[in-house]
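Within every chain, numbering begins at 1; the chains are lettered A, B, ... in the order of the sequence lines, protein sequences first and strands thereafter.
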Number of protein chains: 2
Amino acid sequence: MTELEKGPTGRRRGRGARERILGAAQQLFREQGINRTGMDQLCAAAEVSKRTAYQHFTGKDELVAEYLRRFDPSVLSGVFDRTDLTPRERLLAAFDIPATTPLCPYIGAAVELHDPLHPASQYARDYKKAVAARLADAAREAGAADPEQLGEQLALLLDGAAARTRVLNADAFPTAAAIAAVLIDSAIPAGDDRRPAEASS
Amino acid sequence: MTELEKGPTGRRRGRGARERILGAAQQLFREQGINRTGMDQLCAAAEVSKRTAYQHFTGKDELVAEYLRRFDPSVLSGVFDRTDLTPRERLLAAFDIPATTPLCPYIGAAVELHDPLHPASQYARDYKKAVAARLADAAREAGAADPEQLGEQLALLLDGAAARTRVLNADAFPTAAAIAAVLIDSAIPAGDDRRPAEASS
DNA sequence: CCGTAAGCACACAGGGCGGTGTACATAACA
DNA sequence: TGTTATGTACACCGCCCTGTGTGCTTACGG
């Protein structure tokens, strides 16, 4: 019980230096990038002494990895769990999130770190594959002829939209959504888009 | 006439420290990324003293900008100038280049520099728009209903393939090409794909 | 033969980086 | 009361980075 969740107190501040560090990381990494954000600045933003930060994380690498790991659920959930949509609508809904979600940091991380062996790069790959798999699941539900292929294609569209948005500084997701619509229509036998209720019963 | 192209001599080496510097930049930036490539290393690779490098380029930023600017023609030409292909084939040929071409550095540059005002970021945007425009031209030639839209869509596919290839460490261009085929077929009135010879005469 | 332009070798400044060492403060718990 | 876990403040290290200053070498051109 040497962990920080030991007692009700919280020692000094509102409890959880980790949380503040990760919060600051999330903000700064996204605003400035990973490489351009120093630990000094990060700790200042988190109102945490550098000494403390290095007691919670063995190094910046671990922090980056954890930062990416935490991002996982925020994007996936809320899109694939909407049972009120038909599978087809759910596939398309994946292209509506970017406005709310800042922008997939995995591409940036992979580019910035530039080391495929970095744990964060591993997380990035896992995440990408997870998204593709989820899309493939939805595609299967929607009755696609080749769900894996459609999932991979839609995942590529998401990445393309993210990258293009970043480079051009203009939202490219509508374009991606338009492509997605074409792909879905051409991959799913006509009219085979059942409501979840009808499908499950 | 204080420039280096002043005379036939070449002073010391095979003439053109600039060329060697840019050559080394092209190689190193691509292999290691921009931020991870120091001027010391770059100058060593170019067999140029650091002092000389800073006499040719006011700073690393200018070097990066020039590096991106030079990249322009190498990708565009050779794909869009192949008059032996039908417009449709030309559109698809754009997805075959990645094997020969290392990988679009503009996305990486935009991410690494992380400053939309950086001249290199400007070049990146210009390049992306140029590619989309060229694709739109080819799409128009191919008889697409909405060439601009198709060009933008195909450009997004290229970016998506580049980004995904980078993150997953696996070639994503075949997937992009498959999508492109679907898009093209759905955007071009059936069978309207004339040989250039027939079209021009 | 000398001037001059291009380039080199080397050292160094200044700064940010990741990371650490030391000494001190707080507050729960015994 | 004192111990211990947690965290702070601050200085510090070594490293690498971009960028310069200084003096020396090379080789063409007159």
Side-chain angles (χ1 to χ4, degrees), chain A residues 1-25 28-29 32-67 112-115 118-120, chain B residues 1-25 28-29 32-67 112-115 118-120:
Chain A
M1 215 176 271
T2 55
E3 295 293 7
L4 71 155
E5 63 270 34
K6 52 177 283 194
T9 71
R11 296 313 180 189
R12 254 187 77 86
R13 296 190 174 263
R15 183 177 96 257
R18 279 186 102 103
E19 306 309 317
R20 264 177 297 140
I21 295 171
L22 284 169
L28 291 176
F29 285 168
Q32 311 178 331
I34 296 174
N35 290 333
R36 287 182 127 73
T37 300
M39 291 300 282
D40 286 327
Q41 182 192 7
L42 200 154
C43 293
E47 290 177 317
V48 162
S49 78
K50 212 158 53 147
R51 204 69 190 77
T52 303
Y54 278 98
Q55 277 160 358
H56 283 287
F57 303 92
T58 65
K60 193 183 184 182
D61 283 355
E62 187 177 304
L63 209 174
V64 172
E66 186 69 11
Y67 148 70
E112 284 203 74
L113 300 176
H114 216 274
D115 175 13
H118 193 292
Chain B
M1 215 174 268
T2 55
E3 295 292 8
L4 71 156
E5 63 269 34
K6 51 179 283 192
T9 73
R11 297 311 181 190
R12 255 186 77 85
R13 297 190 173 264
R15 184 177 96 259
R18 278 185 105 103
E19 307 309 316
R20 265 176 296 140
I21 295 171
L22 284 168
L28 292 176
F29 286 168
Q32 312 178 332
I34 296 174
N35 290 334
R36 286 183 127 72
T37 300
M39 290 300 280
D40 285 328
Q41 181 192 8
L42 199 153
C43 292
E47 289 178 316
V48 161
S49 80
K50 210 157 53 149
R51 203 67 191 78
T52 303
Y54 278 98
Q55 275 160 359
H56 283 286
F57 302 93
T58 66
K60 193 183 183 182
D61 282 356
E62 188 178 303
L63 209 175
V64 172
E66 187 68 10
Y67 148 70
E112 285 204 73
L113 301 176
H114 217 274
D115 175 13
H118 194 291

Q: Say whether, by atom type as modelled, one donor and one acceptor occur between the side chain of A:R20 and the main chain of A:E47 under 3.5 angstrom.
A: yes
Q: Would you tell me if any nitrogen or oxygen in the side chain of B:H56 comes within less than 4.0 Å of OP1 or OP2 on C:dG7?
A: yes
Q) Is any side-chain N or O of B:T52 closer than 4.0 Å to OP1 or OP2 of C:dC8? A) yes
Between [X] and [Y], is any pair of side-chain heavy atoms under 4.5 Å apart?
| X | Y | value |
| --- | --- | --- |
| B:Q41 | B:Q32 | yes |
| A:R18 | A:E66 | no |
| A:L63 | A:L42 | yes |
| A:L22 | A:F57 | yes |

Could you give the [atom1]-to-[atom2] distance, from [X] to [N], as a whole number of Å?
| X | N | atom1 | atom2 | result |
| --- | --- | --- | --- | --- |
| B:Q32 | D:dC17 | CD | C1' | 14 Å |
| B:R36 | C:dG18 | CZ | P | 11 Å |
| A:R18 | D:dG7 | CZ | P | 10 Å |
| A:R20 | D:dG7 | CZ | P | 8 Å |
| B:Q41 | D:dC15 | CD | P | 18 Å |
| A:Q55 | C:dT22 | CD | C1' | 12 Å |

Tabulate atom names and distances for all N/O pairs under 3.5 angstrom spanning the protein and nucleotides 19-22 of chain D.
{"from": "D:dG19", "atom 1": "OP2", "to": "B:Y54", "atom 2": "OH", "distance (Å)": "3.1"}
{"from": "D:dG19", "atom 1": "OP2", "to": "B:K60", "atom 2": "N", "distance (Å)": "2.9"}
{"from": "D:dG19", "atom 1": "N7", "to": "B:K50", "atom 2": "NZ", "distance (Å)": "3.2"}
{"from": "D:dG19", "atom 1": "O6", "to": "B:K50", "atom 2": "NZ", "distance (Å)": "2.5"}
{"from": "D:dG21", "atom 1": "N7", "to": "B:R51", "atom 2": "NE", "distance (Å)": "2.9"}

Q | Listed partners of A:D115 passing side chain to side chain donor-acceptor pair (under 3.5 Å), at least two apart | A | none
